[in-house]
Amino acid sequence: MPYPTDHFLGRQRNGLNHVSMNLAGFNRNNGPVQGTNYPVYSDQLLDWYQLKRVESVRLLFTWEAVQSTLGGPVPSPDAGYATYWADLVDVVERLLARGIYVIIGPWQYNANVADTDIVYDSAAFTSAEFSDFWGKFAAALNAVTANDQRVAFDLINEPHLPGNGRIGITLASWFSYAQFAINAIRAAGAANTVFVAGMDYTAAATFTTNGSAAQWLTLADPANNIAASAHCYLDSANMSSTAIVDACSAFVSWARSNGAKANIAEIAINAGPNGRATNCSSFAAAQAQWSNWTAFCAANNDVLVGWNWWGNSEAGWWNEGDSCDPQGYHWGLTLDNGVTQTVYMDLIDSSIPV
């Protein structure tokens, strides 16, 4: 269906993932500690986003930090939790004040495998617990933002099957959980856009082959305001100039054929010398890949909601490592709140504004 241009799904908006409020752990008795578990984000950084004409920020948080017990209130009233909520809301409001649309969702961590997982406190949760959270979260956030529809909800980060110590979730269960969450959000009176991710860690390349495409079409939303979400990363050995397009084309074609909207909620490629001891690729190769990607986005602007680069954070909380970096794959755009920018921002700078 067509949407007005100011609607979240009404036109293409590109941007980035704003991270570090997604926590790998914190003291559950006292709650998250500002400045220790997560940063205070400077206006300087958010001003830089605005200067670079970022139009969409995907903001990741931790479920346990806003609902300290399953079935409990959102936000949790205890001191550390209340501060975390206030800081989370503050970032949302400051982004909105700069004209930036916000996709917000939980990034969950399993301490038993030291990786992301479909868990609450490193354990499985039920569909009732998931829908309880989303209904309360949607109502609480909309109460603060005056129901600002420039905020969209991303139900959870990277659903995937169980295995290798990960709790995971099955294909059928994930889309059942997603439907329960959509129902709860609408029952809470929230009309916001909802992004529903595919399986296989939300990989765009396998969305049409891992069962996600068929299951996504079973979802029902009385508000007609949902979109499909996928992630796209390239293996360090994949140097084809059409590699990103090849990874996403089937996903976008499926969306067009089925009248759906599609968002690339995480995307990153290596770009050569990045100031780290180890790096992959070359800037020239990255330019060829990104040029083809930008052309693909322009050709599919009726379907693509946009893309969000992975990732960026406050100075001192992130790095510019690529997929060869043993300390993690972060692809940071600025390490000093915009005083300077990295090779990745050099790569994507001109393609952020649509």
Side-chain angles (χ1 to χ4, degrees), residues 15-68 73-109 116 137 140-146 148 150-154 157 266 308-321 327-328 330-342 344-345 352:
L16 53 89
N17 283 268
H18 182 78
V19 297
S20 298
M21 290 201 81
N22 46 312
L23 313 177
F26 62 94
N27 187 312
R28 294 289 276 114
N29 293 321
N30 301 324
V33 177
Q34 183 191 79
T36 299
N37 299 124
Y38 66 94
V40 176
Y41 298 100
S42 63
D43 280 332
Q44 180 182 348
L45 177 60
L46 304 190
D47 288 344
W48 185 73
Y49 291 172
Q50 186 177 27
L51 176 68
K52 291 298 180 179
R53 298 177 64 188
V54 168
E55 290 194 302
S56 171
V57 161
R58 183 169 177 256
L59 174 60
L60 297 170
F61 67 92
T62 291
W63 178 358
E64 297 90 337
V66 298
Q67 187 181 43
S68 60
V74 176
S76 301
D78 298 332
Y81 296 95
T83 300
Y84 178 91
W85 173 259
D87 289 338
L88 181 66
V89 165
D90 179 64
V91 175
V92 172
E93 291 183 312
R94 287 191 288 151
L95 289 168
L96 293 173
R98 288 165 171 80
I100 298 172
Y101 285 54
V102 179
I103 304 169
I104 189 166
W107 178 95
Q108 294 305 104
Y109 182 78
T116 58
F137 182 86
L141 190 60
N142 276 349
V144 174
T145 65
D148 197 317
R150 294 174 299 166
V151 177
F153 303 137
D154 189 346
N157 188 60
E266 293 181 17
N308 299 92
W309 182 269
W310 181 268
N312 203 70
S313 188
E314 182 70 16
W317 287 79
W318 208 237
N319 68 42
E320 54 192 333
Q327 295 183 33
H330 293 152
W331 295 279
L333 297 173
T334 178
L335 307 185
D336 50 20
N337 294 340
V339 175
T340 61
Q341 63 186 42
T342 69
Y344 310 111
M345 181 53 93
I352 294 177

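Atom set for the values below is all heavy atoms of this structure, side chains included, hydrogens, waters and symmetry mates excluded.
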**Request:** Determine whether Q50 and W48 make a side-chain contact, defined as any pair of heavy atoms from C-beta on separated by less than 4.5 Å.
**Result:**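 Not touching, per the 4.5 Å side-chain cut-off.
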**Request:** Indicate yes or no: at least one non-hydrogen side-chain atom of L333 is less than 4.5 angstrom from one of K52.
**Result:**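 Side-chain contact under 4.5 Å: no.
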With rounding to the nearest 0.5 angstrom, report the [atom1] to [atom2] distance, [X] to [Y].
X	Y	atom1	atom2	answer
T83	L88	OG1	CG	12.5 Å
N312	W331	CG	CH2	14.0 Å
Y84	M21	OH	CE	4.5 Å
L335	E320	CG	CD	4.5 Å
L16	R58	CG	CZ	11.5 Å

**Asked** Do E314 and N337 have a side chain donor and acceptor closer than 3.5 Å?
**Response**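 N337 and E314 do have a side-chain donor-acceptor pair below 3.5 Å.
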**Request:** Examine the side chains of Q34 and D87 and answer whether a donor and an acceptor come within less than 3.5 Å of each other.
**Result:**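 Result is yes, a qualifying pair exists.
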**Request:** Could you tell me which residues satisfy side chain to side chain donor-acceptor pair (under 3.5 Å) with T145, sequence neighbours excluded, listed by chain and number?
**Result:**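 None.
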**Asked** Is R94 atom CZ crowded by more than 12 heavy atoms from other residues, nucleotides or ligands, each under 6.0 Å away?
**Response**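 Buried by this count: over 12 neighbours within 6.0 Å.
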**Item:** Partners passing ring pair (Phe, Tyr, Trp, His ring centres under 6.0 Å) against H330 (at least two apart in sequence or in another chain)
**Value:**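 For H330, the residues satisfying ring pair (Phe, Tyr, Trp, His ring centres under 6.0 Å) (neighbours in sequence not counted) are W318.
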**Message:** Among residues at least two apart in sequence or on other chains, which ones pass ring pair (Phe, Tyr, Trp, His ring centres under 6.0 Å) with F137?
**Reply:**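 Per chain and number, F137 pairs via ring pair (Phe, Tyr, Trp, His ring centres under 6.0 Å) with F61, W85, F133, W134.
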**Asked** Of the options E55, R98, H18, which is the one that meets Y49 in a side chain to side chain donor-acceptor pair (under 3.5 Å)?
**Response**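 It is H18, the one option of E55, R98, H18 that forms the side chain to side chain donor-acceptor pair (under 3.5 Å) with Y49.
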Sub-3.5 Å donor-acceptor pair from the side chain of [X] to the main-chain atoms of [Y], do we have one?
X	Y	answer
N37	V33	yes
T342	Y344	yes
S313	V19	yes
Y109	N22	no

